[in-house]
There are 2 protein chains.
Amino acid sequence: MNSSESVLEMTVDSVLETIPAAWDRIRSNLRAAATGKFDITLEQFHVLRHIRQGWSTVGDLAEKKQISRSAVSQAVDVLVAKGLVTRCQESEDRRFVRLELTPHASEVMDANFAENRVWMKEKMASMSIEELNTIRQAMAVLKNTFVPGKP
Amino acid sequence: MNSSESVLEMTVDSVLETIPAAWDRIRSNLRAAATGKFDITLEQFHVLRHIRQGWSTVGDLAEKKQISRSAVSQAVDVLVAKGLVTRCQESEDRRFVRLELTPHASEVMDANFAENRVWMKEKMASMSIEELNTIRQAMAVLKNTFVPGKP
DNA sequence: GCTTATCTGTTAAGTACCTTAACCATAATA
DNA sequence: TATTATGGTTAAGGTACTTAACAGATAAGC
């Protein structure tokens, strides 16, 4: 299986070479939109995004972002102070704190997403349908491999 | 062109949904290897990597990573103190400072890369040849679109 | 039932990395 | 030559992360 081994290695290299670099660019644009138009940082925006996706406790978010629970707790402090998130003790197991978005947070997120989408679409507009489909298939496989399922 | 428009939007969404999340996971592993086995942070490792790829002045690195020149300058300070990088004034235009890796830096990088590759290969070992090829093609297109060419 | 262990989340102290603004040295330009 | 532009550094300040120590709630052992 020397051939497939070589394909695996080449693919690993292509991922390690592309993902961090592409993310540097995309993040730079996301950050500009988040900090320029709205008064939140990119990291705060990501926290809001994950909460909306259903990672709605401190522990969930920490696991999702691979950071400590204390880091999440501090980030939530800021979001609560900004009126974007509410803390709510769970009734079943009162150790848990359920996080919820305020209506204002949803507005901010929608506006920011729209902003980002425009930029992404401009960048990707010149791709062929085949290329787009290839990317979508690849994203599905990568997500399946590297991104843990929802809670 | 409603259909192709829709494919574009779906693909944009898949990228925005996958790249940051996958990167959180990959970065977490890279960081563990860098900080655990060697005495450098992940960001320092990335700087070394970019220098080896030919982004060998402060301005180049700043442009590559989309951060300020002063941030790069500070990062280089640390790497010089650790004996991993040398500064060298360019003779043609003496405003430029050329950065070079020391032999020790190359050793550290090779060891760290080997470490990361093992983990990546484990995660991706169950993919089929077709899936691997799809990913490689997608990475090529994304790199072409989002990652600026070498200096 | 009572004690101990485990789990979730917060607080505190310290570190890494980034930003903007001001600055120096060099090079290009009018 | 005087001015302007460019590459890099320094300084001051902010954000987000870490580990360690802690409080409260639940589970487990006896």
Side-chain angles (χ1 to χ4, degrees), chain A residues 20 23-24 27-28 30-32 34-36 38-48 50-51 55-82 84-100 151, chain B residues 20 23-24 27-28 30-32 34-36 38-48 50-51 55-82 84-100 151:
Chain A
W23 177 232
D24 276 352
R27 182 180 53 188
S28 174
L30 286 166
R31 171 167 290 141
T35 61
F38 317 98
D39 189 28
I40 61 172
T41 68
L42 177 57
E43 282 68 23
Q44 287 163 9
F45 176 73
H46 282 310
V47 172
L48 296 180
H50 293 323
I51 292 174
W55 304 80
S56 56
T57 71
V58 172
D60 282 346
L61 284 169
E63 203 270 332
K64 170 70 175 173
K65 283 191 62 73
Q66 296 279 289
I67 59 177
S68 65
R69 282 199 298 266
S70 67
V72 173
S73 184
Q74 292 167 33
V76 169
D77 284 345
V78 176
L79 293 171
V80 169
K82 290 191 175 180
L84 296 166
V85 168
T86 56
R87 281 187 168 102
C88 172
Q89 200 177 36
E90 192 116 337
S91 54
E92 304 174 11
D93 185 335
R94 288 186 298 178
R95 287 173 299 185
F96 288 81
V97 172
R98 189 144 305 275
L99 305 172
E100 284 177 11
Chain B
W23 177 233
D24 277 352
R27 181 181 54 188
S28 173
L30 286 166
R31 171 167 289 142
T35 60
F38 317 100
D39 190 26
I40 60 173
T41 68
L42 178 56
E43 282 69 22
Q44 288 163 9
F45 176 74
H46 282 310
V47 172
L48 297 180
H50 293 323
I51 292 174
W55 305 80
S56 56
T57 72
V58 172
D60 282 346
L61 283 170
E63 201 270 332
K64 171 70 175 174
K65 282 193 62 72
Q66 298 279 288
I67 59 177
S68 66
R69 283 200 297 269
S70 67
V72 172
S73 184
Q74 291 168 35
V76 170
D77 284 346
V78 176
L79 293 171
V80 169
K82 289 191 175 182
L84 295 166
V85 168
T86 56
R87 280 187 168 102
C88 173
Q89 200 177 34
E90 193 117 336
S91 53
E92 304 174 10
D93 185 335
R94 286 186 301 177
R95 288 173 298 185
F96 287 81
V97 171
R98 188 142 306 274
L99 305 172
E100 283 177 11

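Throughout, a chain's letter reflects where its sequence line sits, starting with A, and its residues are numbered from 1. Owing to the predicted nature of the structure, the values given are computational and were not obtained by experimental measurement.
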Original post:
Arg98(B) near the nucleic acid: base, sugar-phosphate alone, or nothing, with a heavy-atom cut-off under 4.0 Å?
Top reply: nothing

Subject >> Nearest listed nucleotide, side chain of Thr57(A), among dT9(D), dT10(D), dG9(C) >> reply: dG9(C)

Side chains of residues 73-82 of chain A: which donor-acceptor partners sit under 3.5 Å, not counting sequence neighbours?
unit_1   : atom_1 : unit_2   : atom_2 : d
Asp77(A) : OD1    : Arg87(A) : NH1    : 3.1
Asp77(A) : OD1    : Arg87(A) : NH2    : 2.9
Lys82(A) : NZ     : Asp39(A) : O      : 2.7
Lys82(A) : NZ     : Gln44(A) : OE1    : 3.3

Subject >> Among Thr57(A), Val58(A), Asp60(A), Leu61(A), side-chain contact (heavy atoms from CB on, under 4.5 Å) partner for Arg69(A) >> reply: Val58(A)

Subject >> Nucleotide dA12(C), atom P - distance to CZ of Arg69(A) in whole Å >> reply: 18 Å

**OP:** Could you tell me the separation between the CZ atom of Arg31(B) and the P atom of dA16(C), rounded to a whole number of Å?
**Re:** 12 Å

**OP:** Could you pull out all residues at least two apart from Thr86(B) that satisfy side chain to side chain donor-acceptor pair (under 3.5 Å)?
**Re:** none

Original post:
In terms of side-chain heavy atoms of Glu43(B), which of dC18(C), dG7(D), dT10(C) is nearest?
Top reply: dC18(C)

**OP:** Would you kindly give the CG-to-P distance between Asp77(B) and dC18(C), to the nearest whole Å?
**Re:** 13 Å

**OP:** Figure out the CG/C1' separation between Leu42(B) and dC18(C), and round it to whole Å.
**Re:** 15 Å

Original post:
Listed by chain and number, what are the side-chain contact (heavy atoms from CB on, under 4.5 Å) partners of Arg94(A), not counting sequence neighbours?
Top reply: Gln89(A)

**OP:** Just jot down the side-chain contact (heavy atoms from CB on, under 4.5 Å) partners of Arg31(B), sequence neighbours excluded, or say none.
**Re:** Arg27(B), Thr35(B), Leu42(B), Glu43(B)

Original post:
What do the steps show when you test Phe45(A) against Leu84(A) for side chain to side chain contact (heavy atoms under 4.5 Å, CB included), and what is the final call?
Top reply: CA-CA 10 Å; Phe45(A) 176 73; Leu84(A) 296 166; over 6 Å; no

Subject >> Glu100(B): salt bridge (charged side-chain N to carboxylate O under 4.0 Å, His left out) partners, not counting sequence neighbours >> reply: none

**OP:** Could you check how far CG of Leu99(A) sits from P of dT8(C), rounded to whole Å?
**Re:** 14 Å

**OP:** Specify the residue among Ala75(A) and Gly59(B) whose closest nucleotide of DNA chain D lies further upstream toward the 5′ end.
**Re:** Gly59(B)

Original post:
Nearest to the side chain of Val97(A) - dT11(C), dT10(D), dT10(C)?
Top reply: dT10(C)

Subject >> Spacing between His46(B) atom NE2 and dC18(C) atom C1', to the nearest angstrom >> reply: 15 Å

Original post:
Expressed in angstrom and rounded to an integer, what is the separation of Ile67(A) atom CD1 from dT8(C) atom P?
Top reply: 16 Å

**OP:** At under 4.0 Å between heavy atoms, which parts of nucleotides 20-28 of chain C does protein reach? Answer with one letter per nucleotide, 5' to 3': B base, S sugar-phosphate only, - none.
**Re:** B-----BS-

Subject >> Nearest-angstrom distance from the residue atom CD of Gln44(A) to P of dG14(D) >> reply: 15 Å

